[in-house]
Amino acid sequence: MNKSTSLSVPVLPLWLVWGFAVYFFGFWLGAYPVLNNNEGLYAEIPREMLASGDWRHWIIPHLNGLAYMEKPPLLYWLTALFMGIFGQSEWVIRLVPALSGLGCVGLILWFAKSVARPQSGRMAALIFVSGLGVTAMARVLMFDMLLTVFLMTAVMAAYLYTEKRKRKHLYLAAVALGLALLAKGFVALILFSAVLGVYLVLRATSFRDILEGIGLWLDWRAIAVFLLVAAPWHIVAAATEPIFAWFYFINEHVLRFLGKREPHDYYAGAWWYYLPRVVIFLFPWSFLLPVLLFVRRLIPADKRLHLFLLAGWLMPLLFFSVSSAKANYYLVTVMPLMAMQIAFWLEEKGYGGKAAIVFPSALLMALFAAVAYWGWGQAASASAEVFAFGMGRNEFIGWVGLIFLCASFLVMLIALIWPKAGVSTFVLIPVLCLPLLLNVAAGMDEKVSTRALVQWTQQALPQHEAVLYRVFEQQSSLPFYLQRVVRIVDIRSNDLYWGNKLHKNSVAIDDLSFADLLAERKVALLVLKEDLADFQNKPYAKKLTKTKESGDTLVFSN
């Protein structure tokens, strides 16, 4: 290795890698309330499991008192377990994704050591934990980080079994794949098969090699282990709820992929939907990619290993791109192997020398300078509403741009002055970014959650029953904070669509039933601003008085 490249070779102690991982995934985990939409849904289901006293709720999950069969139950089970141990607070419900993220760090370090690349594995772990998208996904209750840790365990063990033929790796892959299936459904089996299948083809020198590779996985004992983990819940669920088999296997998997699922409550983007989002998920490390395209390789690459890593992140990316259902959070599944390939590539190219420090730093400084210029330029014409730290939104953006402009310059100076740090100094940018983002999220309480609204109603209207008007998802944290199921008038909910349709219930009430309810007791009706015009045309609207406005929600009471 020549002098120019050796200047930027990072030396990362293991304790430092784990320290950053705990910081990014654990620091101030309860800073913000349970978020409406997805997090509110997935926090309420385990709460109801614990409160129900009915074993069937642990088989067929219930959301706001109605059957909710869209996803398998592993995330709910684990979250309910933590709730039972530590209580039902914000940081507790996020333990599963946070611990799953830490599990991915352990996997990266283990796999890198198994392929004799321990130092680049530490760099990969650093890239993974500090990527903007990964940090966000490890701090919100959703399925994807749990899926990622088990799917990556299965995929990495599959590679090691294919190359080293040790049966422990085969059984590890079988158990992990079964758990991945329980984490998010049959997408785990599809992605695993796609990655392994493509890798077997890419590594083969003949058709016989492909057949031999496939034959390795037709092991009845491994298949039995997989079924032992994955099958029991599916069997019991099908026996408990007659429509489960059609709903879960056909509606939620086949029809969702084809874009024909009922109801159609997901986003369908263009084929390139994920390409710019990969850059955001990897930020700031994605700024290293352009310079590495032009840096000479100094260390021979392991061709098979790179083919595996390429298949490991490219096949899921292609699958999600082809699918009609698209969402930003799907991308987290490709991040561990993508981070590893970048880190291995960095090591093989001597970490890029000074160019890998100066050029990305200059790009970042230009980006943040533009952000600062835009923010301050728009500040004068913006609303005077306080956004964060006593500032309006655009003024805040301007200051953030300036702070990170200076941080990018400081990163470059440290890396050039302290060669042992090298490109790892870019981690300082997300280190500074995290507390700023958490403070912003904490300050948006009324806009992203119903926590403040529930606290107000319990103090100002303690005798009133909180009832939702039409929409559930945009106020989905309400039952979690009320600690009870919430009735909904004239329901228009996609997530409660099937639960309401399948069984007679007292959760969804019509206008006549609500009018009767008003005559019987005190009610606080929560109406979204977008539904205000429709609400005002209801005959019972004149019996209610507006008493509170919180974010996008209006409260009317009798």
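Note that the coordinates shown come from a computational prediction; the quantities given were computed from them, not determined experimentally.
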**Report entry** ring-ring contact (aromatic ring centres under 6.0 Å, His included) partner of Y330, chosen from Y273, F320, F281, F319
**Finding:**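 When Y273, F320, F281, F319 are each tested with Y330, the ring-ring contact (aromatic ring centres under 6.0 Å, His included) holds only for F320.
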Query raised in the report: What pairs meet the salt bridge (Lys or Arg N to Asp or Glu O under 4.0 Å) rule with one or both residues in residues 173-188, with sequence neighbours excluded?
Result: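 Pairs touching residues 173-188 that pass the test: D144-K184.
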Query raised in the report: Which pairs with one or both residues in residues 92-102 pass salt bridge (Lys or Arg N to Asp or Glu O under 4.0 Å), sequence neighbours excluded?
Result: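 Counting only pairs at least two positions apart or across chains, the salt bridge (Lys or Arg N to Asp or Glu O under 4.0 Å) contacts touching residues 92-102 are E39-R94.
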Query - Separation of D54 CG from E48 CD (nearest 0.5 Å) - result: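 Those atoms lie 11.5 Å apart.
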Query - Distance-only side-chain donor-acceptor flag, N36 / S477, under 3.5 Å - result: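 A donor-acceptor contact under 3.5 Å links the two side chains.
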Query raised in the report: Do D516 and S513 have side-chain N/O donor and acceptor atoms under 3.5 Å apart?
Result: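 Absent: no donor and acceptor within the cut-off.
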Query raised in the report: Salt-bridged, R470 to D534, with N to O below 4.0 Å?
Result: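 Here R470 pairs with D534 in a salt bridge, since their nearest N and O are under 4.0 Å apart.
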Query raised in the report: Can you name the side-chain contact (heavy atoms from CB on, under 4.5 Å) partners of L78, sequence neighbours left out?
Result: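 In terms of side-chain contact (heavy atoms from CB on, under 4.5 Å), with neighbours along the sequence ignored, L78 is linked to L74, V96, L146.
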Scan the side chains in residues 517-529 for donor-acceptor partners under 3.5 Å anywhere in the protein, sequence neighbours excluded, and list what turns up.
{"residue": "K529", "atom": "NZ", "partner": "E549", "partner atom": "OE2", "Å": "2.7"}
{"residue": "K529", "atom": "NZ", "partner": "G551", "partner atom": "O", "Å": "3.1"}

**Report entry** Centroid-centroid under 6.0 Å between W376 and W399 rings
**Finding:**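 Yes, they do, as the ring centres are separated by less than 6.0 Å.
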Query raised in the report: So does R56 have more than 12 non-hydrogen atoms from other groups sitting under 6.0 Å from CZ?
Result: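 Count not over threshold, so no.
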Would a distance-only check, ignoring hydrogens and angles, find a side-chain to backbone donor-acceptor pair under 3.5 Å from [X] to [Y]?
{"X": "T457", "Y": "P462", "result": "no"}
{"X": "N505", "Y": "H503", "result": "yes"}
{"X": "K542", "Y": "P539", "result": "no"}
{"X": "W58", "Y": "M49", "result": "yes"}

Report task. Would you sort out whether W91 and F86 count as a side-chain contact (heavy atoms from CB on, under 4.5 Å), showing the intermediate values? Result -> CA-CA 10 Å; W91 70 271; F86 300 112; 4.0 Å; yes
Report task. Decide ring pair (Phe, Tyr, Trp, His ring centres under 6.0 Å) for F186 and F249; before the verdict, give the C-alpha distance in whole Å, the side-chain angles of both, and the deciding distance to 0.1 Å. Result -> CA-CA 8 Å; F186 283 82; F249 295 108; 5.4 Å; yes
**Report entry** Residues which pass ring pair (Phe, Tyr, Trp, His ring centres under 6.0 Å) with Y76, listed by chain and number, not counting sequence neighbours
**Finding:**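 For Y76, the residues satisfying ring pair (Phe, Tyr, Trp, His ring centres under 6.0 Å) (neighbours in sequence not counted) are F143.
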**Report entry** Check against ring pair (Phe, Tyr, Trp, His ring centres under 6.0 Å), W313 and Y274
**Finding:** CA-CA 12 Å; W313 64 260; Y274 292 106; over 10 Å; no
Query raised in the report: Taking the six-membered ring for Trp, are F244 and W233 parallel (under 30°), tilted (30 to 60°) or perpendicular (over 60°)?
Result: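 Perpendicular.
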Requested in this report: Among residues two or more places apart or on two chains, list those pairs meeting ring pair (Phe, Tyr, Trp, His ring centres under 6.0 Å) that have a residue in residues 430-473.
Outcome: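 For residues 430-473: Y469-F535.
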